[in-house]
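First comes the structure, then the notes that go with it.
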Amino acid sequence: MNVATPSVEVTGDDGSVRLAGEWTLAGLQGRLPSLRQRLTRASAGARTWDLSGVQRLDTLGASVLWRTWGERLPETLIADEALRGMFAAVSVLGPRPPAAPDRASIPGRIAGLGRRGLGALSQMLGVVGVLGQAALDLVHLARRPQDAPLRELSANLYKTGVSALPITALVGFLIGIVLSYLSALQLKNFGADVFIIDILGIGITRELGPVLVAVLVAGRSGSAMTAQLGVMRVTEEIDALATMGVPAGLRLVLPKVLALLITMPLLVAWTSSAAIAGGMVAAAFQLDMSFGFFLDTLPRVVPLANAWIGLAKGLAFGMTIALVACHFGLNVKPNTESLSENTTRSVVSAITLVILVDAVFAIATRNMGMPG
Amino acid sequence: MKPVIEVSGLVTRFGRQTIHAGLDLAVLAGEVVALVGGSGSGKTTLLRQIVGLLRPASGEVKVLGQPVLSGDPLADRALRRRFGVLFQQGALFSALNVFENIAFPLRELRWLDRDTVRDLVMVKLAMVELEAQHAWLMPAELSGGMVKRVALARALALEPELLLLDEPTAGLDPDRSAAFVELIRRLRQQLGLTVVLVTHDLDTLAALATRVAVLGERRILAYGTLEHVMAQDHPFIRGFFALDRMERALARARS
């Protein structure tokens, strides 16, 4: 594309300025700063502006000239109707407002801190609200069992449970191998080989299995739940459901919460088993411990209470993840940024809360399930 | 005069279905061409091929004298900066406010300073008859008519020579639709644009188009002024414009 170069020329002694060329986005590219300087110099004493040589003028050219003239037309302007029309269009530009200081003041920062604290508090209240709604929905279901969202529940059981089996087994097995291998190295030094079974049994069933599954499920299913509900919010699908008399809580939230309540303990049992199997394999290689001996000793040194604690943790973690995911999903604002932000927050908050709940469990069950 | 858009021998297939079989279309500078046709006749598909979002199975699409999918990324980008597209739903960036949406293409140029971008955005907002305070709203807070106006302002940000509109008045009430058509007409005159629009709305058609292209039977059935097209003896055209006559009759009855 051939573009006539825009130019500024001061002619005569009276300081009249002649402009020519294409004063457009294409014409001004790369020449704007130098042309601005020349315009400013030329405009110092200029009375008359001759724009008859200007071939084209767009919003950019017009606004640059308008700013040069101090937000008004010059006293004498030689220009045709089309050019004047462009100046009329840019005449909405008033004097530039003074630049606002963008450094935050100290009280402003303190207020910001407070707002974040209040924000976190209201998020927590929101999660409690989702829990309350789920409880109310359960009461409703007890009265009207025919409203039970069985298809949704089954779909969620499959998505959060069945399809998570391979990955949780793989991760559990590998963690079991690593844990067993590293522990065996230490135990060998003390000749305490047989305690590998105690370490793996209690550590995995009581602590590692549930937390591992919770992290995996929060990343896998929690994020998916938040994203799904969030997109449904953005596209007004939840509103559409509500107008059909289908409450979002009963049909979307409750099946997710119930599904995780059912699948999480099962996944915990599955993953813990895989991890112990991994540990058993590593022990066989590292300590020459036979599978038969390992399996014989395990129930004798690990009290059954540990398995129950593990399953109970699975229940609690599952509920936490589902509630947090649904809360953040339902609170997505209708834009893409909010969707990604809430999905991130959902996973991070779910894992953090799971660790907190785990600490509560550790204290509450400190007298249970210890060998001895 | 060289055509602004040249479509020749265009063939489009989706799976086994043929949408266009050897379609030709030329749009001259300064024209307002309306693409009309029944549902599934491939109007929007044709528009998407003109702007280079879809690659035709065969045939050539040239915009402003250059192939729209040249394979050279720099040439493609330079060409895309010379036309503006208004999508049916506006396609505003939902995470950015109105100001940022309009400023986005300007900032992409990477040589305009902040104050200039600000000036240009404010001028564009005024051009589409929105007020300065609307600049700070988010797309989700806008009414349907405002979304279209902001999308139009964004399409006009880079001073395009060619404007492509997909159903510009769909989803607007008759009042707003008429106002939006009037706005497009005024801007076209002021900025000297060539316009191609897809529309179902006969009022839009009658008010804007200098030429009408009727799509059907996988090709252009008729192409010419509204009078010329309406004079054609073809079942679809008769059906489509019989409504038009009815509508005019209604308009006469009302006034």
Side-chain angles (χ1 to χ4, degrees), chain A residues 1-3 22-36 55-68 71 81-99 102 230-231 233-236 332-342, chain B residues 2 64-66 75 78-79 81-82 84 89 91-97 100-102 105-106 108-132 135 137-142 147 153 156-161 186-187 189-193:
Chain A
M1 194 167 48
N2 293 319
V3 178
E22 292 213 2
W23 286 75
T24 60
L25 208 59
L28 291 169
Q29 177 165 13
R31 307 192 182 92
L32 191 54
S34 63
L35 275 174
R36 263 217 186 100
Q55 289 157 5
R56 283 178 63 202
L57 177 76
D58 67 7
T59 326
L60 175 62
S63 65
V64 167
L65 290 174
W66 182 255
R67 288 294 188 203
T68 309
E71 291 86 34
E81 274 314 300
L83 297 188
R84 282 176 187 276
M86 284 311 298
F87 290 120
V90 298
S91 65
V92 292
L93 294 174
R96 285 218 172 90
D102 33 57
V231 171
R233 279 271 304 168
V234 173
T235 55
E236 294 184 314
V332 167
K333 288 184 190 65
N335 68 66
T336 48
E337 187 59 36
S338 169
L339 182 62
S340 79
E341 192 184 309
N342 269 26
Chain B
K2 278 191 74 174
L64 299 161
Q66 289 167 33
L79 179 61
R81 285 178 178 170
R82 292 173 64 195
Q89 312 291 339
L92 297 179
F93 303 124
S94 60
L96 305 180
N97 64 25
E100 306 279 336
N101 260 288
I102 304 173
L106 293 165
E108 280 300 292
L109 293 175
R110 293 170 198 275
W111 59 270
L112 288 170
D113 56 277
R114 253 168 73 172
D115 285 340
T116 310
V117 168
R118 198 188 152 81
D119 282 357
L120 290 180
V121 171
M122 287 309 171
V123 172
K124 300 288 154 164
L125 265 182
M127 272 186 172
V128 297
E129 293 163 359
L130 288 174
E131 283 161 38
L137 294 176
M138 298 301 285
E141 298 167 318
L142 301 177
V147 167
L156 292 174
L158 293 183
E159 314 285 347
E161 296 149 68
R186 192 171 59 68
L187 288 173
Q189 275 166 0
Q190 188 180 3
L191 307 173
L193 298 167

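Throughout, protein chains are lettered first and strands after them, A, B, ... in sequence-line order, and every chain is numbered starting at 1.
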Please check if the number of heavy atoms outside A:Glu236 that lie under 6.0 Å from its CD is greater than 12.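 Not more than 12 within 6.0 Å, no.
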
With only heavy atoms counted, which part of [X] is less than 4.5 Å from chain B, the side chain, the backbone, both or neither?
{"X": "A:Leu25", "result": "both"}
{"X": "A:Leu339", "result": "neither"}
{"X": "A:Leu60", "result": "both"}
{"X": "A:Val92", "result": "side chain"}

Could you look at [X] and say if it's the side chain, the backbone, both or neither that has a heavy atom under 4.5 Å from chain A?
{"X": "B:Met122", "value": "both"}
{"X": "B:Leu96", "value": "neither"}
{"X": "B:Leu64", "value": "neither"}
{"X": "B:Leu191", "value": "side chain"}
{"X": "B:Asp115", "value": "both"}

Which atoms form the tightest heavy-atom contact between [X] and [Y], and what is the distance?
{"X": "A:Leu93", "Y": "B:Asp119", "answer": "CD2-O, 3.6 Å"}
{"X": "B:Ala95", "Y": "A:Thr336", "answer": "CB-OG1, 3.5 Å"}
{"X": "A:Ala89", "Y": "B:Val123", "answer": "O-CG1, 3.9 Å"}
{"X": "B:Ala140", "Y": "A:Pro334", "answer": "CB-CG, 3.5 Å"}

Nearest 0.5 Å, please: how far is [atom2] in [Y] from [atom1] in [X]?
{"X": "B:Arg81", "Y": "A:Gln29", "atom1": "CZ", "atom2": "CD", "value": "7.5 Å"}
{"X": "A:Met86", "Y": "B:Met127", "atom1": "CE", "atom2": "CE", "value": "4.0 Å"}
{"X": "B:Phe93", "Y": "A:Glu337", "atom1": "CZ", "atom2": "CD", "value": "13.5 Å"}
{"X": "A:Asp58", "Y": "B:Leu158", "atom1": "CG", "atom2": "CG", "value": "10.0 Å"}

Do B:Glu159 side-chain atoms and A:Thr59 backbone N/O form a donor-acceptor pair below 3.5 Å?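 Flag set: sc B:Glu159 to bb A:Thr59 pair under 3.5 Å.
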
Are B:Leu120 and A:Ser63 packed together at the side-chain level, in the sense that at least one heavy-atom pair is separated by less than 4.5 angstrom? yes

